[in-house]
Amino acid sequence: MKISTFDTTLRDGTQGESISFSVDDKLIIAQKLDDLGIDYIEGGWPGSNPKDKDFFARARDVKFHHSKLTAFGATRFAKNPVHEDRSVLALVAAGTPVVSIFGKTWDLHVKRALGITEDENLVLISETVAYLKQHGKEVVYDAEHFFDGYVAKPDYALRTLEAAVNAGADVLCLCDTNGGTITGRLTEIVAEVRRRFDGVLGIHTHNDSDVAVANAIAAVEAGVSHVQGCMNGYGERCGNANLSSIIANLELKLGHTTIGPEKLTSLASVCRFIAELANLPLRNDQAFVGKSAFAHKGGVHVAAVLKDSATYEHIKPELVGNRQRVLVSDLSGRGNIMYKLKQHGLADRLDEDARRELLERIKQMEYEGYELEAAEGTFELLVREALHPGMHFFDVESYEVATRSAGHGPSQSTASVTIKAQDGIHAATATGHGPFHALHVGLRQCLSKLYPQIAEVRLTDYKVRVLDSHQGTAAQVRVLIEWSDHKRSWSTVGVSDNVIEASWKALVDAIRLELMRLTEKDDAIEKAVEDYCWGV
Ligand SMILES: [Zn+2]
């Protein structure tokens with residue numbers, strides 16, 4: 001059965017605490033959602049703020065191939081005639097083919113929030129819907145607090161729906177606005193509404209009880225054919241129902257049609273894209289589309305998925321544009337690492353002892369607090385060193401760094417680095433913005449005569465994590481440094497109880513890797529590493 005998808009990331013989603021989209025962001029996201037095959041895109045509330053008004057004005061120039069742009073608003077104010085209500089007029093002026101309006105269902109809200117009688121509220125609903133229908137709009141009527149209202153006073157809740165449907169509403173959308181309804185109860189109520197109304201019913205759930213997606217799916221099973229939600233589950237308080245999970249479940253588990261199997265394969269990339277614009281990391285454990293959704297770490301699991309992925313995967317990750325990952329860690333059996341090396345023809349290039357040694361080294365490092373899954377550069381170096389044990393570019397003889405600050409002026413750091421290379425000792429002293437920068441410049445100066453071709457790799461991110469925080473400042477720290485050479489980026493990791501030493505280790509690994517890459521081009525290694533440490 002075809003289930004309509006209604007995305008409200010740009011309206012309800014932006015009510016999430018850390019979400020803010022510019023008008024440009026909103027226009028780009030709307031086009032992405034159109035490409036994904038979403039049926040309705042709720043773009044904002046034109047009557048409530050200038051940004052949303054501007055969005056609808058600029059959206060007039062955007063050609064949507066599939067989606068129907070929808071403007072959101074409320075039933076008219078009690079004191080205004082409908083044709084003079086500014087919020088309703090703004091909805092008409094937004095120029096969208098569809099409008100969604102919410103009205104009150106719960107007698108508590110009618111009395112307390114609006115301060116009008118129950119009958120007056122029915123008039124607001126019916127007049128507003130009728131007015132929008134007269135202006136040629138497809139009207140989605142959002143019955144706000146429907147489930148709470150139904151529990152408090154079922155007859156009145158149903159009368160509000162009747163008012164909307166009699167005035168011509170195209171969709172009656174039942175909203176669990178406070179997100180407090182549990183699935184079984186919600187399903188019973190939806191089924192009851194289904195028995196009484198023939199037209200299209202919709203569902204809009206919030207995640208305050210952590211069952212928003214389950215509620216939306218259960219509602220579909222009880223006869224709803226229009227589902228609202230936000231990509232990545234963004235939204236007010238604990239978020240709206242995650243539309244990406246709803247879509248995947250309806251398509252893959254229940255055999256319904258939403259965006260269709262072909263578009264479904266871009267689900268993960270659209271979720272990542274929207275997270276990027278929201279400036280929030282996509283949660284690794286986000287169902288279907290997160291980086292860890294099909295990641296296997298435990299050795300037993302890895303051994304099994306290598307034989308048959310169905311043993312530990314509920315769907316094929318490719319169906320939603322995700323992929324299987326096999327992680328290396330101290331939990332893993334030898335299978336994980338060998339899996340990646342084998343996949344790229346590298347395992348045969350290591351003898352039995354070299355394989356064992358590599359695995360032991362990785363396990364030991366992870367035990368010490370290295371996190372290799374996030375440090376593909378360090379992992380690549382380990383693999384390269386195992387494959388080319390004779391290739392050793394330099395040893396560090398000593399390093400020293402000092403930071404001096406005088407008065408209120410900026411501090412200055414000076415580092416002295418001495419290394420031993422094939423042709424003898426090299427030493428350099430360098431200054432930098434901070435101790436790590438000075439060490440970085442010093443080490444490169446030491447190597448520049450011997451390896452003039454060494455590329456100027458940029459440091460793009462630097463993260464410090466305390467590993468055993470109960471020891472206070474004596475705690476181990478893990479430093480993760482991200483590097484980039486414009487074509488790609490990679491990270492190296494260092495662990496120590498001294499933040500300078502941890503940074504130095506990550507730096508030396510990064511430089512060794514750079515030299516290895518310059519000396520020995522090895523696509524198979526790079527491919528294996530890229531696969532194992534899959535970034536977004
Ligand atoms: Zn909502």
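Indexing begins at 1, ligand by ligand and atom by atom, following the structure's order. Worth knowing before you read on, the calculation uses all heavy atoms, side chains too, and leaves out hydrogens, waters and symmetry mates. Source: prediction; values computed, not measured.
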### Task
Tell me yes or no: between the side chains of His204 and Asp176, is some donor less than 3.5 Å from an acceptor?
no
### Side-chain donor/acceptor of Lys104 to backbone N/O of Asn121, under 3.5 Å
no
#### Entry: Backbone of Ala163 reached by a side-chain donor or acceptor of Ser126 within 3.5 Å
no
### Query
Listing by chain and number, what protein N/O/S atoms are under 2.8 Å from the Zn ion (ligand 1)?
Asp12 OD2, His204 NE2, His206 NE2
### Query
Charged N to carboxylate O below 4.0 Å: is that the case for Lys133 and Asp170?
yes
### Query
Is any side-chain N of the basic residue among Lys463 and Asp461 closer than 4.0 Å to the acidic one's carboxylate O?
yes
### Query
How many angstroms lie between atom CZ of Arg458 and atom CH2 of Trp483, to the nearest 0.5 angstrom?
11.5 Å
